[in-house]
Asks: 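Mind looking over this structure? Questions follow.
Just so we're on the same page: letters track the sequence lines, and every chain starts at 1.
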Amino acid sequence: MNTIAIEEELDQLVADVTSGACTLHDFPFRVMEAFDASRNEVTKLRMKHPAGLAASDILWPKKLLFRAADAGQVQNTIEDLKASLIGKKGAASKNAPRFLMSTDGDEFLAVDIKTGETPSFDRLADLAVNYDFLLPMFGVERYKPAPETAADVRAARHMAKFHDAIRDANPTWGADQIHDLNIFMTRLLFCMFAEDTGIFSEKLFLNTLRREAREVDGSDTQRVIEDIFLSLDVADSEARRARGVRSQRIAGDFPYVNGGLFRDRTEVPVFNRRARRLLFEAAELQWDQIHADIFGSMIQAIIHTDMRADFGMHYTSVPNIMKVLEPLFLNSLREQLTLAGDNIKALEKLVGRIAHIRIFDPACGSGNFLIIAYRELRLIETEAFRRMRDVKRRGQLALADYQTGIRISSFYGVDPVDFACETAKLSLWISQYQMNRKLDEICSAPTPALPLSDAGSIVVGNALRADWLTICPPEDGAEILIIGNPPYLGRPKRTREQQRDMEIAFANENGVFGNLDYVAAWFARAADYAQKTGAEAAFVTTNSLFQGEQVPLLWPLINKKKAEYGFSYKPFKWSNSAAKNAGVICVIVSVRPISNKPKFIFGSEHKLAASNINPYLVDAPDIFVERHASAISRLPQIELGNAAKDGGHLMLSSDEAAKLCQDFPSSKTFIRPVFGAQEFIQGQTRYCLWIRDSDLAAAKAIPAIAERLRLTAAVRSASPKASTAASSAWPHRFNEVRHRDEAFLIIPRVSSERRPYLTVGFLPQNTVATDSAFAIYNPPTWVFSILSSTLHRVWTSAVGGRLKSDYRYSNTLVYNTFPIASLSDEQRSQLEDHALNILRVREPYIAGGKTIAWLYNPETLPADLVGAHRELDDFLETIYIGRPFKDDDERLGHLFKLYARMTKKVAKAA
DNA sequence: TATCCGACAATAG
DNA sequence: CTATTGTCGGATA
């Protein structure tokens, strides 16, 4: 969808309505067409609402409810529509529309039901310019700005339109010119910002455009811009003319900018009428209200058309950035400021320290971490200056001029995206200017805005392949701090290139690291850099680095570099103000050379001093659990269930199974009940085709089964995975079979973390387990007790992986590693009694139609079931330590100790 | 070759 | 919405 096309269509639509060429009845269809809705849908809807029934409402299910209004009645019509939504056909119904819309041909009103928002305009004529209000109807959510960012949003949207227009006017510009286009955009942004904030004289840029770029078709705009850009790079107006500036006026008017922004001579695109108009409009915006930190990421999302769908999704919110910066260095600086009080020596020392700080973001994007870090450092420095000035003033001493010691060249960044880097540099300049103004308030001599003295040290590159020591070279006396939110990509999500990045990043380590998340490579490099330079790093990252299988992979890397985790944040859900959020649980973790500096674990409300932060980010010794292929305790073997990989064609609902049996009674022998986590926990019944090789011919004789096998084979042969494709040769079997024809104990692979116990149960022979559950075939009854115990839940939650934040069971990580004191026959037999007791308590509830989910929901959990579990826990725990444990911390502490003893694998405590 | 798990995806309430 | 579990490919052993 192209913004220009939409606007033009809507402009035309408005004209047609005004001229009468388009009836109000036809209006909503034309809107749909303008937004490129599928032709099918529009036609279908048109047929449902023929023009003869003009009085009726037009409902586009889930999207739009439209009613034409009598002149002047738009507001009332919308109220009526709102009222019509109450009741059974109301907002809760499946087809409830997202938008209400009405117009009388002059006035226009719409309501976004989801957000309650109404558009900022009320004339139909303004619809085209504000088309974005309706975007959610077409699947593109709006950016929901915090109120203070309204100016940023407006500006970013406008620049997106301008960007599209320029691309339109330069159809031959391809990948080769992307860099030039990026530079062009950032330079324009600078000019517009400069003329609104006093860097240039008031509206110098816009006035120059108005005066020189007179051709309405845009044909002379390119020349004017070229002249301006060229002038800004050269100090002297004669030299400017010599360099090729054609306009004498431009050569004379513009100041010298420098700082590298205008240094390279890049191509300026040509303009057309629309691009010229949008540029003029952009220059008229209030650029002094822009937040440099947020604006960068917004502009970036908008320029990269392919990123508009998940607009700003991965942009780190300011509160989360602060969670990185504060514990890493801001708190320490602020403390130093507080302690310094009015002591000039101490304040000077602080200012000196700040000047030696280097900030490095090895995944800087458009630089919002760097910008915020810059701003916060400047604020502290400025406050120190203010205090020094006040002291001197009181002592009637000569006031000094305070020059900031913070250079933006001390802010280092790498990012693979060229435009992001340019934006980061630009944002740093803008922040520098803004912070200089703040400092000027306390200085006797204002900091001159131009020429720009230095530039941010931002380079285009791949942080996992480049040498960090080159990008951010260590200096004597410098305090280097690494920050950022590098990309997270679990194993299934990486491209070949990213896979290669990791191989390169881990080339000097021995071991295999393919199961680590992409972001782990940043941790490894940060630990390495920290070891060589003494730097400290902190990243926002996914919690999966500190759970399950990744722990034994990541921690040794960190530990080997003589590094430790300095502080961490408890897991929190990723969120920012973008409409669509990445679904991930995050933590913030710092890495630094091993020291005896204090460590902290932050929660949402509190900060806890920790004696250690272990590989799981818990205040406990540095013990971690590795995957074990077989149980370290004397437990029977556990198996993952059977993976069908059938596209669902081997699976049958109970209806389908019944029908199949009815149609073909002989199929009965090929149908078995199948259990995954859901079937067990929610008490559902599903069936699957389970055909022995020897029965294949008989099974295929049944047409309905033959058809399912054919479909299964088709799905499998389409797989990119060789072994799956190969298994299309035997579609009557599950792809991974570990089944044994015995009764088994089922353990769901994922289950809700709200439950106080893992839910396990016995299933009869003839039943099949899917790979969403584990199975212990022919199980001794006492094992049920072990798996149902609080101890086991605690262990699972500590060392297992997670799905979001829910328990994810694992044979290699949880079951096989679970340490059990050796059990006597007598103890086993008593555990068996406890197991039977729990089953006995469950029994009447299950018989009464309750599910395991209900039984173990903390809100409905029956008291007698809790009692049965408590008796079991008390008995089992007494076997461990002679009494029940006090709490989960004690349980975990003991289990870890026991694990260490049983495996003799104790990581050396820091 | 068999095994195991996930910056998610889907679906039921 | 909110809560909960499902599925498959790909890396590893």
Asks: I want to confirm an ordering. Mapping N515(A) and V737(A) to their closest nucleotides on DNA chain B, which one lands closer to the 5' end?
Replies: V737(A)
Asks: For the pair R500(A) and E497(A), find out whether any cationic side-chain nitrogen is under 4.0 Å from an anionic carboxylate oxygen.
Replies: no
Asks: Look for any protein N or O under 3.5 Å of an N or O in nucleotides 2-6 of chain C and output each such pair with its distance, or none.
Replies:
residue	atom	partner	partner atom	Å
dT4(C)	OP1	R754(A)	NH1	2.8
dT4(C)	OP2	S752(A)	OG	3.4
dT5(C)	OP1	R755(A)	NH1	3.0
dT5(C)	OP1	R755(A)	NH2	2.8
dT5(C)	OP2	S752(A)	N	2.9
dT5(C)	O3'	Q678(A)	N	3.4
dT5(C)	O3'	Q678(A)	OE1	3.3
dG6(C)	OP1	Q678(A)	N	3.3
dG6(C)	OP2	S772(A)	OG	3.0

Asks: Scan T541(A) against the nucleic acid and name what it touches under 4.0 Å (heavy atoms): base, sugar-phosphate only, or nothing.
Replies: nothing
Asks: Base of dC4(B), side chain of E549(A) - is there a donor-acceptor contact under 3.5 Å?
Replies: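 Per atom types, no contact qualifies.
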Asks: Would you say V540(A) and Y488(A) make side-chain contact, with heavy atoms under 4.5 Å?
Replies: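 Side-chain contact under 4.5 Å: yes.
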Asks: How is D771(A) classified with respect to the nucleic acid when contacts are heavy atoms under 4.0 Å: base, sugar-phosphate, or nothing?
Replies: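 Here D771(A) touches the bases of the nucleic acid.
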Asks: Nearest to the side chain of K721(A) - dG9(C), dA13(C), dC5(B)?
Replies: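 Closest nucleotide among those given: dG9(C).
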Asks: Nearest-Å distance, CD (Q499(A)) to P (dG6(B))?
Replies: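 Taking atom P of dG6(B) as the reference, CD of Q499(A) is at 16 Å.
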Asks: Under 4.0 Å between any heavy atoms, over every strand shown, what does P748(A) touch: base, sugar-phosphate, or nothing? Just pick one.
Replies: nothing
Asks: If you look at every strand shown and take non-hydrogen atoms under 4.0 Å, does T724(A) touch a base, only sugar-phosphate, or nothing?
Replies: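 It contacts sugar-phosphate atoms only.
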Asks: Would you say the rings of F744(A) and H739(A) are close, in the sense that their centroids are separated by under 6.0 Å?
Replies: no
Asks: When the ring centroid of F774(A) is compared with that of Y815(A), is the distance short of 6.0 Å?
Replies: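 Aromatic pair excluded; centres sit 6.0 Å or further apart.
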Asks: Salt bridge or not between D693(A) and R733(A)? Use side-chain N to carboxylate O under 4.0 Å.
Replies: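 Yes, D693(A) and R733(A) are salt-bridged.
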Asks: Counting only Watson-Crick pairs (N1-N3 plus N6-O4 or O6-N4) and G-U wobbles (N1-O2, O6-N3), all under 3.5 Å, who is the partner of dA7(B)?
Replies: none
Asks: Examine W690(A) together with F734(A) and report whether their ring centres are nearer than 6.0 Å.
Replies: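 Ring centres of F734(A) and W690(A) closer than 6.0 Å.
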Asks: When you measure from the centre of the six-membered ring of W60(A), is the NZ or CZ of R98(A) closer than 6.0 Å and no more than 45° off the axis?
Replies: no
Asks: Between dG9(C), dA11(C), dA7(B), spot the one nearest the side chain of S719(A), thanks.
Replies: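 Closest of the options to the side chain of S719(A): dG9(C).
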Asks: Base, sugar-phosphate, or nothing for G647(A), non-hydrogen atoms under 4.0 angstrom?
Replies: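 Counting heavy atoms under 4.0 Å across all strands, the contact made by G647(A) is with sugar-phosphate only.
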Asks: Can you tell me how far C1' in dT12(C) sits from the matching atom in dA7(B), rounded to whole Å?
Replies: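 Approximately 22 Å lies between the C1' atom of dT12(C) and that of dA7(B).
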Asks: Applying a 4.0 Å non-hydrogen cut-off, can you work out what R738(A) is touching in the nucleic acid: base, sugar-phosphate, or nothing?
Replies: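 Sugar-phosphate only.
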